[in-house]
Amino acid sequence: MSARTFIIPASDPFSFDECLWFLDRGFDECMHTILPARVRKLVPLPGNPVLVDFRAHPEGIMAELLEGDVNPGTEATLRAYVHEWLAPQQDILPFYDKLARIPAMAYMPEAFKGLRLIGIPDLFEALAWSIIGQQINLPFAYRLKRRMVERWGESYDFGGTAYHLFPAPSVMAQADPAELRAMQFTGRKSEYIIGVAKQFAEGHVSKAALLALPGLEARRRALTDLRGIGIWSANYALMKSLRDATCIPHGDAGLLNALLSHQLISSKSDQAAMEKLYRKFKGWESYMVAYLWRSLAVKS
DNA sequence: ATCCAGGTGCATT
DNA sequence: AATGCACATGGA
């Protein structure tokens, strides 16, 4: 009999509460369920989805398998998944040193202590989500995602609560764009999502293939070659799914607002100030963005 | 009402 | 290479 409870160690500083904050920002999120001091998620281990309960533990995170079969490889795969999702073992102290050098951001290591960049391990999910979120407000984007997930994603009911997997590319590749359109996706977004799904289903795109490319620029190019994936979406997916540390979703509405509110730029077109700031976060650009996004939730 | 939302692709200069 | 525009709808 295999263990059903795992301790996933974290490197200091790590805050499970900050993870929960991100996962529970008041949006209609359908990919996990928040309970007091814990989050439950259907984790898509290959061929064997498992329902996992995550909560804080003195050493980091405690993960408890609530439903699903435990195989010899389950623990290792689950640990790898959590690393891609929450990165509890990433050493963020070098990033905090950089924050401390920017007066307007020097409060962040204390205010957001232990916050990690929360990832989206499934590359197709990250890309589809980036398409959904283009040029609309977040509450509406979450509503669209829920409609798509509930219509095409695998669903499991545990104790009266529905848990979902993000729809597989092979399923979305066969979807009728008119159905997405009827769910208030734009006609264009319907085409984009189904088109990207087809590229996955036909084997032209995969996370492994993207990782095998020689460098960031090649990866960016491979993504922006997809119709519907512009530079913003490519950088978003590289940051959230491949956990590339150096990606900035240039032009992002939230990022620009955060830069303005911290008076780090004088206007949304102040490219010079942006580049000057970004240079100071070399190697940690993605974390800089994540923390600026975090700051948006703090009332000014 | 009006403007802005986690933008992108395509047509026109 | 730069600029303009449609896309669709919700929230403030």
Side-chain angles (χ1 to χ4, degrees), chain A residues 21-31 112 115-120 122-149 166 176-199 205 220-244 246-262 264-265 267-272 274 278 285-300:
Chain A
W21 169 83
F22 182 88
L23 296 170
D24 185 27
R25 285 170 295 164
F27 296 120
D28 181 26
E29 175 61 74
C30 59
M31 299 306 294
F112 311 141
L115 171 68
R116 301 308 160 101
L117 193 159
I118 307 296
I120 302 175
D122 179 347
L123 177 61
F124 175 63
E125 178 182 345
L127 289 171
W129 178 229
S130 80
I131 291 169
I132 292 171
Q134 287 166 10
Q135 193 61 16
I136 59 175
N137 61 68
L138 239 20
F140 184 45
Y142 276 95
R143 201 176 316 152
L144 295 181
K145 181 171 79 165
R146 175 178 287 281
R147 289 173 186 157
M148 174 176 156
V149 167
F166 198 77
D176 180 355
E179 253 191 280
L180 282 168
R181 182 64 194 88
M183 295 175 179
Q184 295 182 293
F185 287 65
T186 65
R188 209 98 70 164
K189 286 184 181 180
S190 306
E191 293 171 16
Y192 295 165
I193 289 170
I194 291 169
V196 170
K198 284 179 175 167
Q199 293 297 305
V205 181
R220 246 198 289 258
R221 171 62 69 86
L223 291 177
T224 54
D225 280 349
L226 298 167
R227 187 160 176 270
I229 302 301
I231 189 62
W232 177 87
S233 294
N235 281 321
Y236 181 85
L238 288 165
M239 171 194 312
K240 299 283 281 187
S241 195
L242 273 65
R243 302 199 67 90
D244 187 291
T246 66
C247 286
I248 300 168
H250 294 282
D252 178 86
L255 172 61
L256 291 174
N257 284 332
L259 291 170
L260 272 176
S261 70
H262 287 78
L264 290 160
I265 56 176
S267 78
K268 290 187 177 181
S269 56
D270 188 356
Q271 296 297 325
M274 278 181 243
Y278 297 162
E285 291 89 338
S286 302
Y287 259 85
M288 178 203 69
V289 173
Y291 271 58
L292 284 168
W293 280 340
R294 172 67 179 86
S295 75
L296 291 168
V298 180
K299 63 174 189 226
S300 49

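Remember, predicted model here, so these are calculated numbers, not experimental data. Protein chains get the first letters and strands the later ones, always in sequence-line order, with residue 1 at the start of each.
Residue contacts shown for A/Arg147 are absent, as no nucleic acid heavy atom lies under 4.0 Å away. Using a 4.0 Å heavy-atom criterion, one finds that A/Gln134 contacts the sugar-phosphate atoms exclusively. Using a 4.0 Å heavy-atom criterion, one finds that A/Ser233 contacts the sugar-phosphate atoms exclusively. A/Ile231 comes within contact range of the sugar-phosphate backbone alone, with a heavy-atom separation under 4.0 Å but no base atom that close. A/Lys268 comes within 4.0 angstrom of the backbone, heavy atoms only, and of no base.
A/Leu127 has its CG atom 16 Å from the P atom of B/dG7, to the nearest Å. One interatomic measurement links the two molecules: CZ of A/Phe185 to P of B/dT8, which rounds to 16 Å at whole-angstrom precision. When rounded to the nearest whole Å, the span between OH of A/Tyr236 and C1' of B/dG7 equals 14 Å. Whole-Å rounding puts the A/Leu226 CG to B/dG7 C1' distance at 15 Å. Rounded to whole Å, atom C1' of B/dT8 lies 14 Å from atom CG of A/Asp225. Taking atom CD1 of residue A/Ile229 and atom P of nucleotide B/dG7, one finds them 13 Å apart after rounding to whole Å. Distance, A/Tyr192 OH to B/dC10 P: 7 Å, rounded to whole Å. In this structure, CG of A/Asn137 is placed 14 Å from C1' of B/dG7, rounded to the nearest angstrom.
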Report, one line per pair, each donor and acceptor closer than 3.5 Å where one atom sits in a side chain of residues 192-199 of chain A; sequence neighbours left out.
none

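Put simply, the side chain of A/Met183 does not reach to within 4.5 Å of the side chain of A/Arg146, judged on heavy atoms. Inter-residue side-chain proximity for A/Tyr236 and A/Val289 is flagged as unmet; no heavy-atom pair is nearer than 4.5 Å.
Considering A/Phe124, A/Phe166, A/Tyr142 in turn, A/Tyr142 is the only one that fulfils the ring pair (Phe, Tyr, Trp, His ring centres under 6.0 Å) rule with A/Trp129.
More than 12 heavy atoms of other residues, nucleotides or ligands lie within 6.0 Å of CZ in A/Arg25, so this atom counts as buried by the packing criterion.
Rounded to a whole angstrom, the distance from the P atom of C/dA6 to that of B/dC3 is 15 Å. Rounded to whole Å, the C1' atom of B/dA1 lies 16 Å from the corresponding atom of C/dT9. Atom name P, nucleotides C/dC5 and B/dC4: the rounded distance is 16 Å, in whole Å.
Where DNA chain C meets chain A (any atom under 4.0 Å from a heavy atom), the bounding nucleotides read 5' to 3' are C/dA6 to C/dG11.
Expressed to the nearest 0.5 Å, how far CE of A/Met274 lies from CG of A/Leu264 amounts to 10.5 Å.
For the residue pair A/Arg147/A/Gln184, the side-chain donor-acceptor check at 3.5 Å is satisfied.
In this structure, A/Arg188 does not reach the B/dG7 phosphate: none of its side-chain N or O atoms is under 4.0 Å from OP1 or OP2. For A/Asn257, no side-chain nitrogen or oxygen approaches OP1 or OP2 of B/dC4 to under 4.0 Å.
Nearer to the 5' terminus of DNA chain B, by closest-nucleotide assignment, is the contact made by A/Asp252 (compared with the other of A/Asp252 and A/Thr224).
Of the possible donor and acceptor atoms, none in the side chain of A/Lys145 sits under 3.5 Å from a partner among the backbone N and O of A/Met31.
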